[in-house]
Amino acid sequence: MDARDPDLKKELDAALQTRKELGAEYESELVDSFMEKVEQRFNDTADRHVRRQLAEQQMATARGSRPYATGASADQAHGLGLGERFAFVGVSLVLAIPLSAIGVVNEGLPGLLITWAGIFGVNAVHAVGAFSWLRRGRRPEESGD
């Protein structure tokens with residue numbers, strides 16, 4: 001899914017136009033409806049990603065090699081390769097569109113800044129790998145890192 005998904009943009013534009021026409025009393029229903037569409041897109045993308053990862057792992061197993069064993073870093077050896085990082089950033093940017101609109105509609109510029117600070121924070125934590133112990137299913141004190 002492209003970060004500039006034209007269908008989601010059309011849906012957002014339609015929701016914002018509908019809000020203008022119907023007024024603020026229908027805002028929560030409009031936001032809920034739009035977020036359901038975004039969530040469905042996200043789930044579809046995540047499903048495709050998981051299926052692709054499983055297929056890659058099955059192919060690697062069939063060939064007799066370990067998946068992600070060729071990674072240059074420990075993160076890649078634990079399944080956090082370039083593809084997964086790119087997918088995470090892509091999904092966060094796609095979700096940034098409706099979240100930004102919600103922030104601007106409700107709070108204006110401060111809402112937009114808070115939204116983007118949150119998006120930046122989530123991506124920064126993911127990039128640093130602060131939760132690498134979650135991928136391995138261990139607590140941080142048990143990881144031995």
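The first residue in the sequence is number 1, and the count goes up from there. Hydrogens, waters and symmetry mates are skipped; everything else that's a heavy atom, side chains included, is used.
Residues satisfying the side-chain contact (heavy atoms from CB on, under 4.5 Å) test with Gln17, not counting sequence neighbours, are Lys20, Glu21. Take Asp13 and apply the side-chain contact (heavy atoms from CB on, under 4.5 Å) test, not counting sequence neighbours, and it matches Lys9. With sequence neighbours excluded, the residues forming a side-chain contact (heavy atoms from CB on, under 4.5 Å) with Thr18 are Leu22, Leu30, listed by chain and number.
For the atom pair CZ of Arg51 and CD of Gln53, the computed distance is 12.5 Å after rounding to the nearest 0.5 Å. To the nearest 0.5 Å, the span separating CG on Asp47 from CZ on Arg52 amounts to 12.0 Å. With values rounded to the nearest 0.5 angstrom, Asn123 atom CG is found 6.5 Å from Leu93 atom CG. In this structure, Asp32 CG and Glu27 CD are separated by 10.5 Å, a value rounded to the nearest 0.5 Å. Atom-to-atom distance recorded for Leu112:CG and Leu99:CG is 11.0 Å, nearest 0.5 angstrom.
Salt-bridge check for Arg41 with Asp7: passed, with a basic side-chain N closer than 4.0 Å to an acidic carboxylate O.
Annotation for Ser100 and Thr115: closest pair N-CG2, 3.9 Å, computed over non-hydrogen atoms. Between Ala101 and Leu12 the shortest heavy-atom distance is CB-CD1, 3.7 Å.
When side chains are defined from C-beta on, Ile97 does not count as touching Leu8, because their heavy atoms never get closer than 4.5 Å. The closest side-chain heavy-atom distance from Glu11 to Val38 is not below 4.5 Å. Within the 4.5 Å cutoff, the side chain of Val122 has heavy atoms near those of the Phe88 side chain. Under the 4.5 Å side-chain criterion, counting only non-hydrogen atoms from C-beta, Thr45 is not in contact with His49.
A chain of hydrophobic side-chain contacts below 4.5 Å, direct or via other Ile, Leu, Val, Met, Phe, Trp or Tyr residues, connects Leu109 to Trp116. Note: the hydrophobic cluster containing Phe34 also contains Val91 (ILVMFWY, side chain heavy atoms under 4.5 Å, direct or indirect links).
Side-chain N or O atoms of Ser33 include none that pairs as donor or acceptor with a backbone N or O of Glu29 at under 3.5 Å.
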